[in-house]
Amino acid sequence: MAEIKVETVAKTFGTFAAVKGVTFTIDHGSFFVILGPSGCGKTTTLRMIAGLELPTAGRILLDGEDVTALPASARDIAFVFQLFALYPHMNVRQNIGFPLRCQNYARAEIRESVEEAARLLRIDHLLERRVGGLSGGDRQRVALGRAIVRRPKAFLMDEPLGALDSEFRRLMCGELRELHDRIDATTVYITHDQLEAMAMADRIAVMNQGRVEQIGTPQEIYDRPSSMFVADFIGAPPMSFLGVHASLQRGDRSITVDGVPIEMPEVYEDRAEGKFALGVRPENVSFADASLLRGRVIGAEYLGTTQIVTVITANGQVKARLPSGKAVRVGESVGLALRPDRLSLFDAMSGQALPSALYAGGHHG
Ligand code: ATP
């Protein structure tokens, strides 16, 4: 187990800034996910933690020791690549034991470590099999076996499930998290898949264009996104935004949308006036006949137990997740009720959440 500290780390390639000063701490034994769209700097950040890339600025600490300038081989960290090449001419036992053989471990010790890793991964019955004939999931387990056999302080995983089909991905997500708990490891996991991140992480860092937008537990990030980018990136379908013009006084607790006062979760810290985006997730929108906030149904998507109903209002489109048994007609006029303790308010220009709309500690950390 290890604590990993990343302090204002930046990386430029020529004139291009791929990572622009990111800071976070990964606690001992936690499962930390770096989430973000393609090209946001996830892999570069992970490669710097691994020692495969030298930061242009900033420091990386492993258990308090500054390892910024140390090569990968001098850091007790295992990197699991997306397309982890197994040696096809070797069997499972030889593949898993390979890193130990390279380091000239004694035969008995290799045997014991390989069998322990295989037991943890529940592939001990496959040890004498050639890897060529294994299923995708089992090959992934062998690759993981090769990473855990050295018992490193931390595991770094770059989209390790990317090559698997969706059914296997779900299965392996559960297995990876379980494995992490069993071996008491510190894991840093990269993905662009928000569902994977939500399912596995203790904490998530959402990255965008080389910066960390927000760090928090999956629930903090889902309930209290610190920016419209995060609100839009997380959730399927994402948060809906209503454009509102409001004038807020310090201590205000409600805003007015089309003359309808809407109570917010927290009071505002500062005076603010202008255009805001009122964010609401589909499950926090319901139909309420008497509501003055009205719109017209423009579509409904059936999802089995629920349906996603899209309503167009004077302030923009809102999606509502309703029981699929509720009869909804395209074109009908409906009143909308928004669950007040789950609303977010963003500055429409900067896209940042108003400070008062965040839980203490739910912001950058
Ligand atoms: P993906 O999921 O697509 O791999 P990512 O979030 O992991 O995306 P990075 O691989 O870290 O993103 O890349 C961030 C940016 O830095 C990209 O625009 C990429 O083209 C650029 N980049 C990465 N490595 C280099 C390099 N060696 N030289 C020049 N540019 C690079």
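Atoms within a ligand are numbered from 1 in the order they appear, just like the ligands themselves. As the structure is a prediction and not an experimental result, all values here were calculated from the model.
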Practice task
May I ask you to identify the nearest protein heavy atom to atom 3 (O) of ligand 1, giving residue, atom name and distance to one decimal place in Å?
Solution key: S38 OG, 2.6 Å
Practice task
Please write down residue, atom name and distance for the protein heavy atom closest to atom 14 (C) of ligand 1.
Solution key: G39 O, 3.5 Å
Exercise for the section: Look only at the side chain of R177 and the backbone of M200, and say whether a donor-acceptor pair between them is shorter than 3.5 Å. Expected result: yes
Problem - Sidechain N-carboxylate O distance under 4.0 Å for E178, R122 - result: yes
Practice task
Identify, for atom 31 (C) of ligand 1, the protein heavy atom at the shortest distance, and state residue, atom and that distance.
Solution key: F13 CD1, 3.3 Å
Problem - Donor + acceptor pair across side chains of E213, N208 (<3.5 Å) - result: yes
Exercise for the section: Considering only non-hydrogen protein atoms, determine which one is nearest to atom 12 (O) of ligand 1 and report residue, atom name and distance to 0.1 Å. Expected result: G41 N, 3.3 Å
Fill in the blank from the handout: Partner of M157 under side chain to side chain contact (heavy atoms under 4.5 Å, CB included), picked from T191, I190, L176, is L176
Exercise for the section: Check if C40 has a non-hydrogen atom at a distance under 4.0 Å from any atom of ligand 1. Expected result: yes
Exercise for the section: Please indicate, with yes or no, if any protein heavy atom is found under 4.0 Å from atom 27 (N) of ligand 1? Expected result: yes
Practice task
Would you kindly say whether K319 and S240 are connected by a side-chain donor-acceptor distance under 3.5 Å?
Solution key: no
Exercise for the section: Answer yes if the side chains of Y189 and E196 hold a donor-acceptor pair under 3.5 Å, and no otherwise. Expected result: yes
Problem - Is_contact(atom 23 (C) of ligand 1), protein non-hydrogen, under 4.0 Å - result: yes
Practice task
Might you work through the ring pair (Phe, Tyr, Trp, His ring centres under 6.0 Å) test for F79 and F155, ending with a clear yes or no?
Solution key: CA-CA 6 Å; F79 201 113; F155 295 100; over 10 Å; no
Practice task
For atom 11 (O) of ligand 1, grab the closest protein heavy atom and report residue, atom and distance to one decimal in Å.
Solution key: T44 OG1, 2.6 Å
Handout entry: Closest protein heavy atom to atom 21 (C) of ligand 1, given as residue, atom name and distance to 0.1 Å
Key = F16 CE2, 3.8 Å
Exercise for the section: For the pair R281 (side chain) and Y222 (backbone), establish whether a donor and an acceptor sit closer than 3.5 Å, ignoring hydrogens and angles. Expected result: yes
Handout entry: Non-hydrogen atom of P37 closer than 4.0 Å to ligand 1
Key = yes
Fill in the blank from the handout: Near K42 (heavy-atom distance under 4.0 Å), the atoms of ligand 1 are 2 (O), 5 (P), 6 (O), 7 (O), 8 (O), 11 (O), 12 (O)
Problem - Considering all heavy atoms, the nearest S226-F346 contact - result: C-CE2, 4.4 Å
Problem - Which of the ligand 1 atoms, numbered from 1, are nearer than 4.0 Å to a heavy atom of A18 - result: 15 (C), 16 (O)
Problem - Ligand-side contact atoms (ligand 1) for residue partner T43, heavy atom cut-off under 4.0 Å - result: 4 (O), 5 (P), 7 (O), 10 (O), 11 (O)
